[in-house]
Undergrad: 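Sharing a structure, written as structure tokens. Questions coming.
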Amino acid sequence: AFESGKSKVFTWLGSVGGKSVSSFDDLKSGDILLDVMNTIRANTVKNINRGTTVKFKLIKNLDNFRKLCDKVGVAPKDVFASNDLYEGKNYAKVVLTIIL
């Protein structure tokens with residue numbers, strides 16, 4: 001079930017965000033997730049940290065995505081923690097968040 005869900009999430013994110021997603025590493029910086037949010041709700045995200053490897057900037061992107069999940073109706077209990085994705089601690093929760 002996880003592999004199927006993961007594949008569907010990667011495909012959906014790629015089609016909506018306009019960038020190919022083939023692994024969780026592609027999502028780690030948060031910019032693709034924020035691009036998807038901007039597609040779903042135009043101009044929701046004004047500042048996206050791009051082209052950086054600075055951890056706190058990448059975590060800020062993920063934190064911004066998590067905050068926006070509430071605005072699109074995802075319950076806080078269903079939203080992954082930034083480290084779930086950034087450090088690979090709970091990819092299943094990442095998939096769940098995006099599916100919801």
Side-chain angles (χ1 to χ4, degrees):
F2 171 74
E3 287 300 318
S4 172
K6 177 180 82 168
S7 177
K8 289 176 184 174
V9 163
F10 290 170
T11 300
W12 182 79
L13 288 171
S15 67
V16 175
K19 294 180 186 167
S20 176
V21 178
S22 60
S23 73
F24 288 104
D25 284 341
D26 295 335
L27 303 176
K28 203 169 158 177
S29 68
D31 61 336
I32 291 174
L33 296 172
L34 293 173
D35 286 340
V36 167
M37 280 294 190
N38 272 339
T39 300
I40 293 170
R41 292 206 169 171
N43 301 314
T44 301
V45 184
K46 304 293 185 211
N47 186 17
I48 301 173
N49 293 301
R50 297 183 191 277
T52 183
T53 57
V54 178
K55 182 178 179 178
F56 84 87
K57 290 184 177 185
L58 302 178
I59 294 291
K60 183 173 173 103
N61 281 347
L62 295 174
D63 288 345
N64 286 339
F65 174 79
R66 294 175 62 245
K67 290 175 190 169
L68 292 169
C69 285
D70 183 54
K71 290 185 179 184
V72 296
V74 180
K77 69 177 181 60
D78 294 326
V79 177
F80 65 85
S82 294
N83 281 336
D84 289 343
L85 177 54
Y86 189 82
E87 295 180 1
K89 292 187 175 190
N90 191 349
Y91 288 145
K93 186 81 172 207
V94 174
V95 169
L96 175 69
T97 300
I98 296 166
I99 286 174
L100 293 175

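All values below were derived from every heavy atom in this structure, side-chain atoms included, with hydrogens, water molecules and symmetry-related copies excluded.
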Undergrad: Report yes if some heavy atom in the side chain of F24 is under 4.5 Å from a heavy atom in the side chain of D84; otherwise report no.
TA: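 Contact flag for F24/D84 side chains = no.
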Undergrad: Is there a donor-acceptor pair under 3.5 Å between the side chain of N49 and the backbone N or O of L58?
TA: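 Flag not set: sc N49 to bb L58 has no pair under 3.5 Å.
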Undergrad: Write down the atom of R66, the atom of A81, and the distance for their closest heavy-atom approach.
TA: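 It is NE-CA, 3.7 Å.
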Undergrad: Rounded to the nearest 0.5 Å, what separation is found between the OG atom of S82 and the NZ atom of K28?
TA: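 S82 atom OG to K28 atom NZ measures 13.0 Å (nearest 0.5 Å).
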Undergrad: Hey, what do you get for CG (L33) to CZ (F80), rounding to the nearest 0.5 Å?
TA: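 So the gap between those two atoms works out to 5.5 Å.
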Undergrad: Taking R41 for its side chain and K71 for its backbone only, find out whether a donor-acceptor pair lies under 3.5 Å.
TA: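 Such a contact is found between R41 side chain and K71 backbone.
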Undergrad: Kindly check if the number of other-residue, nucleotide or ligand heavy atoms within 6.0 Å of NZ (K93) is above 12?
TA: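 Yes, enclosed.
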Undergrad: Restricting to non-hydrogen atoms, name the atom on G30 and the atom on L62 that form the minimum distance, rounded to 0.1 Å.
TA: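 Closest heavy-atom pair between G30 and L62: CA-CD2, 3.7 Å.
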Undergrad: Of all the heavy-atom pairs spanning N38 and T44, show the shortest one and how long it is.
TA: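 Result for this residue pair: OD1-N, 2.9 Å.
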Undergrad: Using the rule given for side-chain contact (heavy atoms from CB on, under 4.5 Å), can you reason through V94 versus V9, listing the C-alpha separation, both sets of side-chain angles and the distance that settles it, and then say yes or no?
TA: CA-CA 10 Å; V94 174; V9 163; over 6 Å; no
Undergrad: Taking atom NZ of K19 as the centre, does the number of heavy atoms from other residues, nucleotides or ligands within less than 6.0 Å exceed 12?
TA: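 Yes, NZ of K19 has more than 12 neighbouring heavy atoms, counting only those of other groups under 6.0 Å.
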Undergrad: Heavy atoms, side chains only, cut-off 4.5 Å: are I48 and D35 in contact?
TA: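 They are in contact (side-chain heavy atoms under 4.5 Å apart), so the answer is yes.
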Undergrad: Find out whether D70 and K67 are in side-chain contact, i.e. whether some heavy atom of one side chain is under 4.5 Å from a heavy atom of the other.
TA: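 No, every pair of side-chain atoms sits at 4.5 Å or beyond.
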Undergrad: Rounded at 0.5 Å granularity, tell me how far CG in L85 sits from OG in S29.
TA: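 So the gap between those two atoms works out to 9.0 Å.
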Undergrad: Once rounded to the nearest 0.5 Å, what's the spacing between atom CG of D25 and atom OH of Y86?
TA: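 Answer rounded to 0.5 Å: 10.5 Å.
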Undergrad: Under a 4.0 Å N-O cut-off, is there an ion pair linking D63 with K60?
TA: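 Salt bridge absent between D63 and K60.
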Undergrad: For a 4.5 angstrom cut-off between non-hydrogen side-chain atoms, does V21 reach W12?
TA: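 In short, these two side chains do not touch, never coming nearer than 4.5 Å.
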Undergrad: Between M37 and V72, is a side-chain contact (heavy atoms from CB on, under 4.5 Å) present by the stated rule, with each step listed?
TA: CA-CA 9 Å; M37 280 294 190; V72 296; 3.9 Å; yes
Undergrad: Please find the pair of heavy atoms, one from N61 and one from D31, that lie closest to each other, and give the distance.
TA: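 Scanning both residues completely, I find the closest heavy atoms to be ND2-N, 4.1 Å.
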Undergrad: Which heavy atom in T97 sits nearest to a heavy atom in V74, and how many Å separate them?
TA: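 So the minimum-distance heavy-atom pair works out to O-CG2, 4.3 Å.
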Undergrad: Begin with the C-alpha distance, continue with both residues' side-chain angles, and end with the deciding distance and a verdict on side-chain contact (heavy atoms from CB on, under 4.5 Å) for V45 and N64.
TA: CA-CA 8 Å; V45 184; N64 286 339; 5.6 Å; no
Undergrad: Out of curiosity, F2 CZ to S7 OG, how far, rounded to the nearest 0.5 Å?
TA: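 So the CZ of F2 and the OG of S7 are separated by 11.0 Å.
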Undergrad: Atom CG in D26, atom CG in L13: separation rounded to 0.5 Å?
TA: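 The CG atom of L13 is 10.0 Å from CG of D26, to the nearest 0.5 Å.
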